[in-house]
Amino acid sequence: MNEKNQTLVSEIVLLGFQNLHNFKIPLFSLFLLIYIMTVWENVLIIVLVSSSRNLQSPMYFFLQQLSVSDLLESTSIVPILLQTVINEGAPVSLVGCITQLYFFCSLEAFECLLLAVMSYDRYVAICIPLRYSSIMSHRVCVTLILISLVLGFGITMISVNLIGTLQFCHQNIINHFFCDFFPLLELSCSDTFLVQLEAIIVTIPVVICPFILIIVSYMCIAHAILKIVSNTGRQKAFSTCSSHLAVVSIFYGTLIAIYVAPSRNQSQTMSKVLSLLYTILIPVLNPLIYSLRNKDMNDALKNL
C-alpha cells in the first residue's frame, strides 16, 4: 500500500480556457499579439535607456529593470498559455511545472521589491531634492537592484524546495493556464500546512514590507506636494510619480484580489481572467503608462 501511495505523478495537465469553440483562433491571435507588443515595448525601453544620455537617471535605470522583469515574466507564462488555448490543454512535466512556478514567483517578488525601491527614489527626488544625486548614486541603485534580486529569487527558492518535497499521487489536472502556487498545492496528497505557513511568512519581507514602504513614501510625497505654493510646481512634482502610482495600483490591486482577499463566490474562470491581468496585461501596459506622458522617453525615441 505504501508503494502505491508513493507512486508520484510525473506530468501535470493544464486545462487553460475550456470550450472556446469559435473563439479559439481569435483568442490565440490576441494573446500572441499582446506578447509580441510586450516584447517590442520592453526591449525598446531597455535599448532606449541603455543608449540615450538623457535617460541615465536612477528613475530610468529602475524602469529598465522593470522592463526586464516584465519581459521575463511574460515569456515564462505566454508560451504555455498559447498552447493551452490552441490545444484546449497542455501537458507539462512536474519538474517543468515547479520550475515555471519558481521563475514566476521570483519575478513577482522582485517586482514587489523593485516598486518599493522606485517609490523610495521618487520620495528622495521630491522630498530631498538637493541630496538626490548623492543619495541615489549609480552604485546605490545597482546595490538596491542586486539586493532585490537576491531576496526575490533566494526566498522563493525556499518555498519551491518545500514544494519539491511534496508527493503528487493521483490527480494531475490543474484548472489554470499556468502552474500557480495554490492550484499546484491542491494536487498534492501530502500535508501542505508547512508550505502554506512558509508562504505566509515569506510574504512579509517581499510583499507586505514593500507595500508599507510604498504607502509611507507616497504619504511623505503627498505632504511635500501640498506644501508647494504654485499649481505648476504641484503638477510637475505629481507628474514625476503619477506613472509609478498607476503601476503600483494595478499591480497590487490584482495581487490582492487574487491571493489576499479572493471572493468566496469567485469562479475558476474569474480567477483565470484576473490572473491574465498581471501575467499578460500588466507587462504590456507598464511601458505605455511610463512612456506616453514622458517627454524624455518620447525625445529619446525620436532620436533613435
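Side chains included, hydrogens not; waters and symmetry mates left out as well; all remaining heavy atoms used.
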Per-pair distances, 0.1 Å, donor-acceptor, side chain in residues 146-157, under 3.5 Å, sequence neighbours excluded:
{"from": "S148", "atom 1": "OG", "to": "L144", "atom 2": "O", "distance (Å)": "2.9"}
{"from": "T156", "atom 1": "OG1", "to": "G152", "atom 2": "O", "distance (Å)": "2.6"}

Straight-line distance of M37 CE to L285 CG, nearest 0.5 Å: 9.0 Å
Are there more than 12 heavy atoms of other residues, nucleotides or ligands under 6.0 Å from atom OH of Y218? yes
Please check: side-chain N/O of N42 versus main-chain N/O of V68, any donor-acceptor pairing under 3.5 Å? no
Candidate pair L48 and L301, rule side-chain contact (heavy atoms from CB on, under 4.5 Å), full reasoning: CA-CA 7 Å; L48 283 176; L301 182 60; 4.3 Å; yes
For the backbone of E73 and the side chain of S76, can you confirm whether one donor and one acceptor N or O come within less than 3.5 Å of each other? yes
In this structure, CD1 of I46 is separated from CG of D70 (nearest 0.5 Å) by 9.5 Å
Could you tell me which residues satisfy ring-ring contact (aromatic ring centres under 6.0 Å, His included) with F61, sequence neighbours excluded, listed by chain and number? H138
Is there a side-chain contact between L82 and I86, using heavy atoms and a 4.5 Å cut-off? no
If two hydrophobic side chains count as joined below 4.5 Å and joins carry through other members, does V195 share a cluster with V95? no
Say you draw a straight line from CD1 of I208 to OG1 of T203; how long is it, rounded to the nearest 0.5 Å? 4.0 Å
Is atom CZ of F28 surrounded by more than 12 heavy atoms (other residues, nucleotides or ligands) closer than 6.0 Å? yes
Which residues satisfy the ring-ring contact (aromatic ring centres under 6.0 Å, His included) test with H223, sequence neighbours excluded? none
For residues 34-106, pull every pair meeting disulfide bond (SG atoms under 2.5 Å apart), keeping only residues two or more places apart or in separate chains. C97-C179
Non-hydrogen side-chain atoms of N286 and E111 separated by less than 4.5 Å: yes
Tightest non-hydrogen contact, residues L166 and D191, listed as CD2-O, 3.9 Å
Is there a side-chain contact between P287 and T38 in this structure, where contact means two heavy atoms from C-beta onward sitting under 4.5 Å apart? no
Would you confirm whether T84, through its side chain, and L81, through its main-chain N or O, come within 3.5 Å as a donor-acceptor pair? yes
NZ or CZ of K272 within 45° of F177 ring axis and under 6.0 Å: no
Point-to-point distance, once rounded to the nearest 0.5 Å, from OG of S74 to CD of E41: 10.5 Å
Which atom pairs, donor and acceptor, lie under 3.5 Å between side-chain atoms of residues 125-133 and protein residues at least two apart or in another chain?
{"from": "Y132", "atom 1": "OH", "to": "D121", "atom 2": "OD1", "distance (Å)": "2.6"}

Backbone of S52 reached by a side-chain donor or acceptor of Q56 within 3.5 Å: yes
I would like to know whether Y120 and M136 meet side-chain contact (heavy atoms from CB on, under 4.5 Å); could you show each step before the answer? CA-CA 10 Å; Y120 175 71; M136 300 303 294; 3.8 Å; yes
For A246, enumerate each residue passing the side-chain contact (heavy atoms from CB on, under 4.5 Å) test, keeping only those at least two apart in sequence or located in another chain. I289
Using a 6.0 Å cut-off, check whether atom CD of Q18 has over 12 heavy atoms from anything other than its own residue. yes
Just by distance, do the side chain of S93 and the backbone of G96 share a donor-acceptor pair under 3.5 Å? yes
Output yes when a side-chain donor or acceptor of S119 lies under 3.5 Å from a complementary backbone atom of A116, and no otherwise. yes
Check side chain to side chain donor-acceptor pair (under 3.5 Å) between N54 and all other residues, then give those that pass, not counting sequence neighbours. none
May I ask whether V206 and V216 are part of the same hydrophobic cluster, defined by side-chain heavy atoms of I, L, V, M, F, W, Y residues being less than 4.5 angstrom apart, directly or through others? no
With rounding to the nearest 0.5 angstrom, report the CG to OH distance, L213 to Y123. 10.5 Å
Residue pairs fulfilling disulfide bond (SG atoms under 2.5 Å apart) with at least one residue in residues 192-255, sequence neighbours excluded: none
So do the side chains of S243 and V247 get within less than 4.5 Å of each other, counting heavy atoms only? no
Run the side chain to side chain donor-acceptor pair (under 3.5 Å) check on Q64 and S50 step by step: do they pass? CA-CA 8 Å; Q64 185 184 47; S50 299; 2.7 Å; yes
For the backbone of L63 and the side chain of S67, can you confirm whether one donor and one acceptor N or O come within less than 3.5 Å of each other? yes
Cluster overlap I212 with V207, hydrophobic side-chain contacts below 4.5 Å: no
Hey, does the side chain of R122 reach the backbone of H244 with a donor-acceptor pair shorter than 3.5 angstrom? no
Let me see the working for V78 and I34 under side-chain contact (heavy atoms from CB on, under 4.5 Å), right down to the final yes or no. CA-CA 9 Å; V78 175; I34 290 174; over 6 Å; no
Contacts of type ring-ring contact (aromatic ring centres under 6.0 Å, His included), residue F104, not counting sequence neighbours: F178, Y278
Apart from L197 itself, members of its ILVMFWY cluster (side-chain separation under 4.5 Å) are F193, I201
Closest contact, heavy atoms only, I163 versus L101: CD1-CD2, 3.5 Å
Would a single hydrophobic cluster contain both L185 and I158, if residues Ile, Leu, Val, Met, Phe, Trp and Tyr are joined by side-chain heavy-atom contacts under 4.5 Å? no
Within a strict 4.5 Å, meaning less than it, do heavy atoms of the V140 and I135 side chains meet? no
Of all heavy-atom pairs between L255 and C112, which one has the smallest distance, and what is that distance? CD2-SG, 4.2 Å
Should V92 and E11 count as side-chain neighbours, where that means a heavy-atom distance under 4.5 Å? no
Is E186 close to I174 at the side-chain level, that is, under 4.5 Å between some pair of heavy atoms? no
Of all heavy-atom pairs linking I77 and I80, the shortest is O-CG2, 3.1 Å
For residues R234 and I225, report the shortest heavy-atom separation together with the two atoms involved. CG-O, 3.5 Å
What verdict does the side chain to side chain donor-acceptor pair (under 3.5 Å) test give for E198 and S159, after you've listed the backbone C-alpha separation in whole Å, the side-chain angles of each residue and the deciding distance to 0.1 Å? CA-CA 7 Å; E198 188 273 341; S159 300; 2.6 Å; yes
Is L194 reachable from L187 through a run of I, L, V, M, F, W or Y residues, each pair having side-chain heavy atoms under 4.5 Å apart? yes
Contact check, side chains of M297 and I45, non-hydrogen atoms, under 4.5 Å: yes
H176-F181 aromatic ring centre distance below 6.0 Å: no
Besides I173, the hydrophobic cluster formed by Ile, Leu, Val, Met, Phe, Trp and Tyr side chains linked at under 4.5 Å, directly or via other members, contains V13, L15
Might you point out which heavy atoms bring I282 and F251 nearest each other, and give the distance in Å? CD1-CA, 3.8 Å
Backbone N or O of S271 within a donor-acceptor pair of the S275 side chain at under 3.5 Å? yes
Residues which pass ring-ring contact (aromatic ring centres under 6.0 Å, His included) with F211, listed by chain and number, not counting sequence neighbours: Y252
